[in-house]
Amino acid sequence: MKILVPVKRVVDYAVKIRVVNNKVDTASLKHSMNPFDEIALEQAIRLKEAKKASDVLAVSIGSAKSQETLRTALAMGADKALHVDVGEAETGPLQVAKLLKAVVDKEKPDLVILGKQAIDDDSNQTGQMLAGLLGWPQGTFASKVELSEDSKKVNVTREIDGGLETVTCSVPAVVTADLRLNEPRYATLPNIMKAKKKPLDKTTPKDLGVDITLKLTTVSVAEPAKRSGGVKVESVDDLIAKLKEKGIAL
């Protein structure tokens with residue numbers, strides 16, 4: 001079984017971002033692999049370690065800097081990597097899904113595992129769009145992934161409002177990883193060195209025959225409003241009076 005794992009380069013989750021000229025300023029900020037994609041990659045590697053998969057291919061769509069993310073994926077345990085170079089062009093979920101479909105058509109994986117969303121745009125659309133374009137079944141928000149003995153079906157346990165739901169998908173399928181699926185491993189120094197010798201191929205949207213013209217326009221970007229200072233009151237009566245004054249209590 002061959003598993004394809006898309007990984008996205010995003011601003012590190014621990015970094016505080018700021019808005020400059022109606023855009024998020026990312027020029028000097030630390031970047032890393034999207035945490036949900038990291039979880040997806042860990043799951044693919046675990047399936048390989050369990051002898052359920054033979055090959056893990058990491059794919060990243062972005063500028064040349066995305067190759068850093070792919071090297072991290074290789075150091076974690078991916079067998080090879082593919083960089084779809086879009087330069088500095090902005091891509092939305094639909095454009096990414098179309099590019100991934102073209103990669104799937106070329107690489108012929110049996111399973112695609114990706115993060116349920118990217119923490120920079122929080123769209124939560126790419127996995128579903130990819131499954132729709134491919135005509136494959138999908139198991140989203142996975143908190144547990146199990147392959148059948150013959151690897152022809154994948155059982156996906158999903159976290160829903162009422163508890164847990166398990167769906168069975170025939171392979172090939174698309175699975176999107178949720179936060180509690182696993183805890184990703186760290187890339188060790190020896191594996192980081194080995195990753196430099198692993199294959200990292202490069203392609204472009206033109207090579208794949210995909211138009212990545214963006215159909216959506218970001219109208220505005222703004223930071224959350226700052227919280228106003230609190231007010232101390234002397235007694236319960238004063239508190240109730242303040243609440244009444246603000247229309248919170250009757």
Side-chain angles (χ1 to χ4, degrees), residues 1-10 32-62 66 69-70 72-84 93 96-119 123-148 150-159 165-185 187:
M1 170 177 281
K2 184 176 183 179
I3 303 177
L4 186 147
V5 184
V7 293
K8 185 178 183 181
R9 179 179 182 268
V10 298
S32 60
M33 187 186 301
N34 176 48
F36 291 105
D37 294 338
E38 198 172 10
I39 292 168
L41 178 61
E42 173 66 25
Q43 190 61 36
I45 296 168
R46 291 187 185 188
L47 289 172
K48 182 187 174 184
E49 291 173 342
K51 309 299 183 184
K52 290 288 187 179
S54 58
D55 197 17
V56 176
L57 169 64
V59 180
S60 190
I61 298 168
S66 296
T69 304
L70 288 172
T72 300
L74 292 170
M76 286 179 64
D79 297 292
K80 54 185 180 178
L82 175 64
H83 174 215
V84 182
V96 171
K98 287 180 176 180
L99 287 169
L100 289 176
K101 179 187 181 298
V103 172
V104 168
D105 290 341
K106 181 180 178 181
E107 297 292 336
K108 308 295 182 187
D110 303 287
L111 196 62
V112 177
I113 308 179
L114 68 161
K116 69 172 185 178
Q117 65 194 70
I119 62 171
S123 291
N124 181 23
Q125 296 174 345
T126 301
Q128 293 89 326
M129 287 179 171
L130 176 60
L133 291 171
L134 289 169
W136 288 8
Q138 57 182 297
T140 56
F141 309 107
S143 61
K144 187 177 181 180
V145 176
E146 294 178 313
L147 283 168
S148 62
D150 59 4
S151 297
K152 291 184 178 180
K153 292 186 181 297
V154 56
N155 296 321
V156 178
T157 301
R158 312 172 65 243
E159 293 187 1
E165 174 187 67
T166 301
V167 297
T168 300
C169 305
S170 58
V171 175
V174 175
V175 175
T176 68
D178 209 340
L179 187 65
R180 279 170 284 277
L181 178 58
N182 60 53
E183 187 170 336
R185 69 194 68 192

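If you're wondering where the values come from, they're calculated on a predicted model, not measured in any experiment.
The distance from the CE atom of M129 to the CG atom of L100 is 12.0 Å, given to the nearest 0.5 Å. For the atom pair K116 NZ and N34 CG, the distance stands at 11.0 Å (nearest 0.5 Å). Separating the OG atom in S148 from the NZ atom in K52 is a distance of 6.5 Å, to the nearest 0.5 Å. Note that the CZ atom of F141 and the CG atom of L181 stand 13.5 Å from one another [nearest 0.5 Å]. Distance check: D150 CG to K153 NZ gives 8.5 Å after rounding to the nearest 0.5 Å. Atoms CH2 and SG, on W136 and C169 in that order, are 12.0 Å from each other to the nearest 0.5 Å.
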Open item on the list: Assess the residue pair E42 and M76 against the criterion (side-chain contact (heavy atoms from CB on, under 4.5 Å)); give the C-alpha distance rounded to whole Å, side-chain angles, the decisive distance to 0.1 Å, and a yes or no.
Closed with: CA-CA 8 Å; E42 173 66 25; M76 286 179 64; 4.3 Å; yes

Task: Verdict with reasoning, Q128 to N124, per side-chain contact (heavy atoms from CB on, under 4.5 Å) - done: CA-CA 8 Å; Q128 293 89 326; N124 181 23; 3.3 Å; yes

Open item on the list: Let's go through L41 and V56 carefully: what are the C-alpha distance in whole Å and the side-chain angles of both, what is the deciding distance for side-chain contact (heavy atoms from CB on, under 4.5 Å) to 0.1 Å, and is it a yes or a no?
Closed with: CA-CA 8 Å; L41 178 61; V56 176; 4.1 Å; yes

TODO: Could you check T176 against T126 for side-chain contact (heavy atoms from CB on, under 4.5 Å), going step by step and ending with a plain yes or no?
DONE: CA-CA 9 Å; T176 68; T126 301; over 6 Å; no

- [ ] Take T168 and N155 through the side chain to side chain donor-acceptor pair (under 3.5 Å) test and state the conclusion after the steps.
- [x] CA-CA 4 Å; T168 300; N155 296 321; 2.7 Å; yes

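Remark: E49 engages R185 in a salt bridge, criterion side-chain N to carboxylate O under 4.0 Å. A salt bridge links D79 with K48: the distance from a Lys NZ or Arg NE/NH1/NH2 to an Asp or Glu carboxylate oxygen falls below 4.0 Å.
R158 places no side-chain N or O within donor-acceptor distance of the main-chain N or O of V167, the cut-off being under 3.5 Å. Judged purely by atom type and a 3.5 angstrom limit, S60 uses its side chain to pair as donor or acceptor with the backbone of V7. Panel note: side chain S54, backbone M1; a donor-acceptor pair is recorded below 3.5 Å. Side-chain atoms of D178 never come within 3.5 Å of backbone atoms of S143 as a donor-acceptor pair (strictly under, hydrogens ignored). The main-chain N or O of G115 is found under 3.5 Å from a side-chain atom of D37 such that the two form a donor-acceptor pair.
Contact annotation: the side chain of V174 never approaches that of T140 to less than 4.5 Å [non-hydrogen atoms, C-beta and beyond]. Counting heavy atoms from C-beta on, the side chains of K80 and D55 come closer than 4.5 Å. You'll find the side chain of L57 stays beyond 4.5 Å of the side chain of P109, heavy atoms only. You'll find the side chain of L70 stays beyond 4.5 Å of the side chain of V59, heavy atoms only. Contact check for M33 versus R9: no side-chain heavy atoms found under the 4.5 Å cut-off. Using a 4.5 Å heavy-atom threshold, the side chains of L111 and L4 count as separate. Residues V112 and V104 are in side-chain contact: their nearest non-hydrogen atoms beyond the backbone lie under 4.5 Å apart. Counting only heavy atoms from C-beta outward, the side chains of L130 and K101 approach each other to under 4.5 Å.
Pairing each heavy atom of I3 with each of A53, the nearest pair is CD1-CB, 3.6 Å. In this structure, A173 and V154 approach most closely via the heavy-atom pair CB-CG1, 4.2 Å. Scanning all heavy atoms of the two residues, the minimum distance from P137 to P172 falls at CD-O, 3.3 Å.
Residues Q43 and N182 have side chains that bring a donor and an acceptor to within less than 3.5 angstrom of each other.
Within 6.0 Å of atom CD in E183, 12 or fewer heavy atoms from other residues, nucleotides or ligands are found, so the atom counts as exposed in its surroundings. Within 6.0 Å of atom NZ in K2, more than 12 heavy atoms from other residues, nucleotides or ligands are found, so the atom counts as buried in its surroundings.
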